[in-house]
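Structure record follows, encoded as structure tokens.
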Amino acid sequence: MIIVPVKEGDNIERALKKFKRKYEKTGIVKELRSRQAFEKPSVTNRKKMMRAIYVQKLQQQED
């Protein structure tokens, strides 16, 4: 369970922003989306490879 301590007189929008950040960091939404449909291991490996190639190209362009 995510707990966000709110001080007296603290802005509710700020507390909501903190909650959303903590919620995103847990990765719950990402995991739920990935579990909606089964993905073959070969497809996941291919996606990982494509992402690694993309990141490597970005790093090479940066240098």
Side-chain angles (χ1 to χ4, degrees):
M1 185 159 90
I2 301 172
I3 299 172
V4 178
V6 180
K7 297 175 185 171
E8 182 132 356
D10 205 5
N11 196 354
I12 190 72
E13 283 85 23
R14 191 169 294 175
L16 268 174
K17 209 175 234 186
K18 285 181 185 179
F19 173 78
K20 287 179 183 177
R21 243 184 269 132
K22 280 189 174 185
Y23 188 73
E24 283 294 320
K25 283 186 179 182
T26 58
I28 294 170
V29 176
K30 190 183 283 187
E31 187 177 338
L32 284 175
R33 287 189 181 143
S34 69
R35 287 180 180 220
Q36 281 182 346
F38 178 75
E39 199 170 70
K40 295 193 320 187
S42 61
V43 174
T44 56
N45 290 339
R46 191 177 318 126
K47 282 185 179 181
K48 282 182 185 178
M49 284 293 293
M50 295 303 287
R51 178 162 169 71
I53 290 169
Y54 174 74
V55 169
Q56 195 172 27
K57 282 183 182 178
L58 284 179
Q59 287 176 347
Q60 285 177 353
Q61 286 178 356
E62 198 173 275
D63 291 337

Rounded to the nearest 0.5 Å, what separates atom [atom1] in [X] from atom [atom2] in [Y]?
X   : Y   : atom1 : atom2 : answer
K25 : I2  : NZ    : CD1   : 11.5 Å
K18 : R21 : NZ    : CZ    : 8.0 Å
R46 : K40 : CZ    : NZ    : 7.5 Å

In terms of hydrophobic clustering (I, L, V, M, F, W, Y; side-chain heavy atoms under 4.5 Å; direct or indirect links), are V4 and Y23 co-clustered?
-> yes
Cluster check F19, V29: I/L/V/M/F/W/Y, side chain < 4.5 angstrom =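 F19 and V29: one cluster.
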Would you say E31 and I28 make side-chain contact, with heavy atoms under 4.5 Å?
->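 No, side chains not in contact.
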Does CD1 belonging to I12 count more than 12 external heavy atoms closer than 6.0 Å?
->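 12 or below, so no.
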For residues 47-57, which side-chain donor-acceptor pairs fall under 3.5 Å, sequence neighbours excluded?
unit_1 : atom_1 : unit_2 : atom_2 : d
K47    : NZ     : E39    : OE2    : 2.8

